[in-house]
Amino acid sequence: QVQLVESGGGLVQPGGSLRLSCAASGSTFSIRAMGWYRQAPGKQRELVATITSGGSTNYADSVKGRFTISRDYAKNTVYLQMSSLKPEDTAVYYCNVDLIIIATMTRNAYWGQGTQVTVSS
């Protein structure tokens with residue numbers, strides 16, 4: 001039905017920057033909200049940031065002031081700009097999209113495949 005493709009992960013030094021992207025494709029849909037989650041080794045998956053169709057954003061306290069979530073609905077894409085990266089930001093980052101498939105008017109959430117972000121010195 002809908003596929004999410006993530007990109008932009010990699011290895012960066014502490015204090016560096018990285019930009020993640022997640023593009024949705026497939027059936028015709030209407031996006032309600034998009035977000036980013038992350039999971040570090042041995043830890044539970046946590047919410048990083050979300051953005052609604054109206055542009056309202058929400059961030060985890062640990063990333064406020066350093067990360068910025070944005071959207072481009074023309075491209076069905078959500079971005080996560082990460083700055084001042086810290087070793088504790090190391091994790092697999094997953095995007096999530098809450099949407100309605102127009103043909104059936106059904107609501108569902110979809111996950112990206114995950115992209116590795118490693119911050120090391």
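Side chains included, hydrogens not; waters and symmetry mates left out as well; all remaining heavy atoms used. In this text the structure is predicted, and so the values were computed from the model without any measurement. All residue numbers refer to positions in the sequence shown, counting from 1.
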* Structure fact -> Cluster membership besides Ile102, Ile/Leu/Val/Met/Phe/Trp/Tyr side chains within less than 4.5 angstrom, sorted by chain and number, is none
* Indicate yes or no for a side-chain donor-acceptor contact from Thr77 to the backbone of Lys75 under 3.5 Å, with no hydrogens or angles considered. => yes
* **Residue pairs, two or more places apart or on separate chains, that pass ring-ring contact (aromatic ring centres under 6.0 Å, His included) and touch residues 45-84** => none
* Structure fact -> Between Leu20 and Val117 the two heavy atoms that sit nearest each other are CD2-CG2, 4.0 Å
* Would you say Val78 and Val63 are hydrophobically clustered, going by side-chain heavy atoms of ILVMFWY under 4.5 Å? -> yes
* Cluster overlap Leu99 with Tyr37, hydrophobic side-chain contacts below 4.5 Å -> no
Considering only distance and modelled atom types, tabulate donor-acceptor pairs under 3.5 Å from the side chains of residues 23-36, sequence neighbours left out.
{"from": "Ser27", "atom 1": "OG", "to": "Gln1", "atom 2": "O", "distance (Å)": "3.3"}
{"from": "Ser27", "atom 1": "OG", "to": "Gln1", "atom 2": "OE1", "distance (Å)": "2.9"}

* To do: Keeping to residues at least two apart or across chains, list the disulfide bond (SG atoms under 2.5 Å apart) pairs with something in residues 54-91.
  => none
* ring-ring contact (aromatic ring centres under 6.0 Å, His included): pairs with one or both residues in residues 5-27, sequence neighbours excluded -> none
* Asked: Which atoms form the tightest heavy-atom contact between Arg66 and Ser62, and what is the distance?
  -> NH2-O, 2.9 Å
* Can you list the residues that meet the side-chain hydrogen bond (donor to acceptor under 3.5 Å, both in side chains) rule with Ser70, with sequence neighbours excluded? -> none
* **Transitive ILVMFWY side-chain link Val92 to Met82, under 4.5 Å** => no
* What pairs meet the disulfide bond (SG atoms under 2.5 Å apart) rule with one or both residues in residues 46-77, with sequence neighbours excluded? -> none
* Going hydrophobic residue to hydrophobic residue with side-chain gaps under 4.5 angstrom, can you get from Tyr110 over to Ile51? -> yes
With a cut-off of 3.5 Å and sequence neighbours excluded, list every side-chain donor-acceptor pair involving residues 3-18.
{"from": "Glu6", "atom 1": "OE1", "to": "Thr115", "atom 2": "N", "distance (Å)": "3.4"}
{"from": "Glu6", "atom 1": "OE2", "to": "Cys95", "atom 2": "N", "distance (Å)": "2.9"}
{"from": "Glu6", "atom 1": "OE2", "to": "Gly114", "atom 2": "N", "distance (Å)": "3.2"}
{"from": "Ser7", "atom 1": "OG", "to": "Ser21", "atom 2": "OG", "distance (Å)": "2.7"}

* May I have the step-by-step check of side-chain contact (heavy atoms from CB on, under 4.5 Å) for Lys86 and Val119, ending in yes or no? => CA-CA 6 Å; Lys86 305 175 181 179; Val119 184; 5.6 Å; no
* Would you please name every residue forming a salt bridge (Lys or Arg N to Asp or Glu O under 4.0 Å) with Arg19, sequence neighbours left out? => none
* To do: If a pair satisfies side-chain hydrogen bond (donor to acceptor under 3.5 Å, both in side chains) and one of its residues is in residues 46-55, list it, with sequence neighbours excluded.
  => Arg38-Glu46
* Structure fact -> Applying salt bridge (Lys or Arg N to Asp or Glu O under 4.0 Å) to Lys64 and not counting sequence neighbours gives Asp61
* Structure fact -> So CG of Leu80 and OG1 of Thr68: to nearest 0.5 Å the spacing works out to 8.0 Å
* **Any pair counted as ring-ring contact (aromatic ring centres under 6.0 Å, His included), so long as it reaches residues 81-101, sequence neighbours left out** => none
